[in-house]
Amino acid sequence: MAGCRFKVRRKPWDLPFLAEPEELSGLRNVMRLHLGIWGLPHMIDAAQLCVTELVTNVITHVGPGTPTTLAVSMNGGSLRLEVTDPDVRALPTLLAATEGEESGRGMAIVDAVATHWGVVLRADTKVTWCELTTGLQAADDHVRELGVDTAEELLSLYCYLENHAAGGDATSFSVAVAEEAAIQIFADLLDWLRAHGCDPSVTLDQALVRCEVESP
């Protein structure tokens, strides 16, 4: 039972687009959506900032309308962002922009936010990448918080007992299995509240409010 844990699947994805200033807002929205799905809401601000600066660098130094691709993946416990464009000559550089200058700050911002960054040159494209530390121990790990860890222990115990009763002996369960278990636990708790004269809807509302307040 001590080895039970739920693995979070974070499948790499990429998005082709034309590098235009008006695309930046949409890219930030895409990052917010996907990082929420990946269970990494604490990474949204830093990832949005890096994507904005990497794409702005393409717009400024390669040109508006450049065919560009954003790729997002996990490298161990780090979040990896890659921006690919077709110009192998315009290499991003880390400049020491002086106070009052509006240009030259892009890669300095990425350098300050990211753990690592670099450029990979290919035959007809270049990839500017950066990696952000997530605090995860592995690519399929979840954020370590008291409430999350407590819930994982409860779900692990529930799934283990259900699996053991069915004759299985697994020590690792998918998030889909955990979701089904959570639904059943919620239903059982609501039945318990109803049986004890409580209003389940009021309890649910209070739980949602507490969840929102405690979320990062």
Side-chain angles (χ1 to χ4, degrees), residues 7-97 101-144 174-176 215-216:
K7 296 181 179 180
V8 183
R9 295 188 61 188
R10 299 184 173 96
K11 184 178 180 181
W13 57 272
D14 59 73
L15 176 66
F17 63 95
L18 297 180
E20 299 281 2
E22 53 267 28
E23 293 290 333
L24 294 174
S25 176
L27 291 171
R28 286 191 289 266
N29 289 337
V30 168
M31 290 303 305
R32 182 176 66 251
L33 174 63
H34 279 272
L35 291 181
I37 293 173
W38 277 9
L40 300 174
H42 63 294
M43 298 302 302
I44 291 176
D45 289 345
Q48 286 180 326
L49 179 59
C50 287
V51 167
T52 297
E53 296 303 332
L54 292 176
V55 175
T56 298
N57 199 63
V58 174
I59 297 172
T60 302
H61 298 289
V62 183
T66 298
T68 309
T69 299
L70 168 66
V72 181
S73 61
M74 295 295 296
N75 182 20
S78 296
L79 177 68
R80 185 178 178 91
L81 310 174
E82 299 181 352
V83 172
T84 302
D85 70 74
D87 193 332
V88 298
R89 297 168 300 172
L91 302 181
T93 55
L94 184 59
L95 302 177
E101 289 182 338
E102 295 184 359
S103 62
R105 297 182 181 275
M107 296 313 299
I109 292 175
V110 173
D111 184 68
V113 174
T115 309
H116 308 286
W117 71 273
V119 181
V120 177
L121 294 179
R122 296 172 179 166
D124 54 358
T125 61
K126 75 171 180 290
V127 180
T128 307
W129 62 270
C130 68
E131 291 188 355
L132 306 172
T133 300
T134 65
L136 303 182
Q137 298 176 1
D140 60 1
D141 195 15
H142 67 72
V143 174
R144 297 293 166 180
S174 69
V175 173
S215 296

So how far is it from [X] [atom1] to [Y] [atom2], rounded to the nearest 0.5 Å?
{"X": "Arg10", "Y": "Leu79", "atom1": "CZ", "atom2": "CG", "answer": "9.5 Å"}
{"X": "Thr68", "Y": "Ile59", "atom1": "OG1", "atom2": "CD1", "answer": "8.0 Å"}
{"X": "Leu49", "Y": "Cys130", "atom1": "CG", "atom2": "SG", "answer": "9.5 Å"}
{"X": "Leu35", "Y": "Asp45", "atom1": "CG", "atom2": "CG", "answer": "10.0 Å"}
{"X": "Asp85", "Y": "Asp124", "atom1": "CG", "atom2": "CG", "answer": "11.0 Å"}

(Q) So, using side-chain hydrogen bond (donor to acceptor under 3.5 Å, both in side chains) as the criterion, who are the partners of Asn29 when residues are at least two apart? (A) Arg32
Q. Do you know which two heavy atoms are closest between Leu81 and Met31, and how far apart they sit?
A. CD2-CE, 3.9 Å
Q: Taking all non-hydrogen atoms of both residues into account, name the closest pair between Glu53 and Val110 and its distance.
A: CB-CG2, 3.8 Å
[X]: partners by side-chain contact (heavy atoms from CB on, under 4.5 Å), with sequence neighbours left out:
{"X": "Thr84", "value": "Thr69, Thr125, Val127"}
{"X": "Leu91", "value": "Val119, Leu121, Lys126"}
{"X": "Ala46", "value": "Val113, Leu132"}

Q | Qualifying salt bridge (Lys or Arg N to Asp or Glu O under 4.0 Å) pairs, either residue in residues 73-84, two or more places apart | A | Arg80-Glu82, Arg80-Glu131
Are [X] and [Y] side-chain neighbours, meaning at least one heavy-atom pair lies under 4.5 Å?
{"X": "Val83", "Y": "Val51", "value": "no"}
{"X": "Met43", "Y": "Trp38", "value": "no"}
{"X": "Leu40", "Y": "Leu136", "value": "yes"}
{"X": "Thr115", "Y": "Ser78", "value": "no"}

Q. Under the salt bridge (charged side-chain N to carboxylate O under 4.0 Å, His left out) test, which residues partner Arg122, sequence neighbours left out?
A. none
Distance-only check: which donor-acceptor pairs under 3.5 Å involve side-chain atoms of residues 12-28, not counting sequence neighbours?
residue: Glu20; atom: OE2; partner: Gly65; partner atom: N; Å: 3.2
residue: Arg28; atom: NH1; partner: Thr52; partner atom: OG1; Å: 3.1

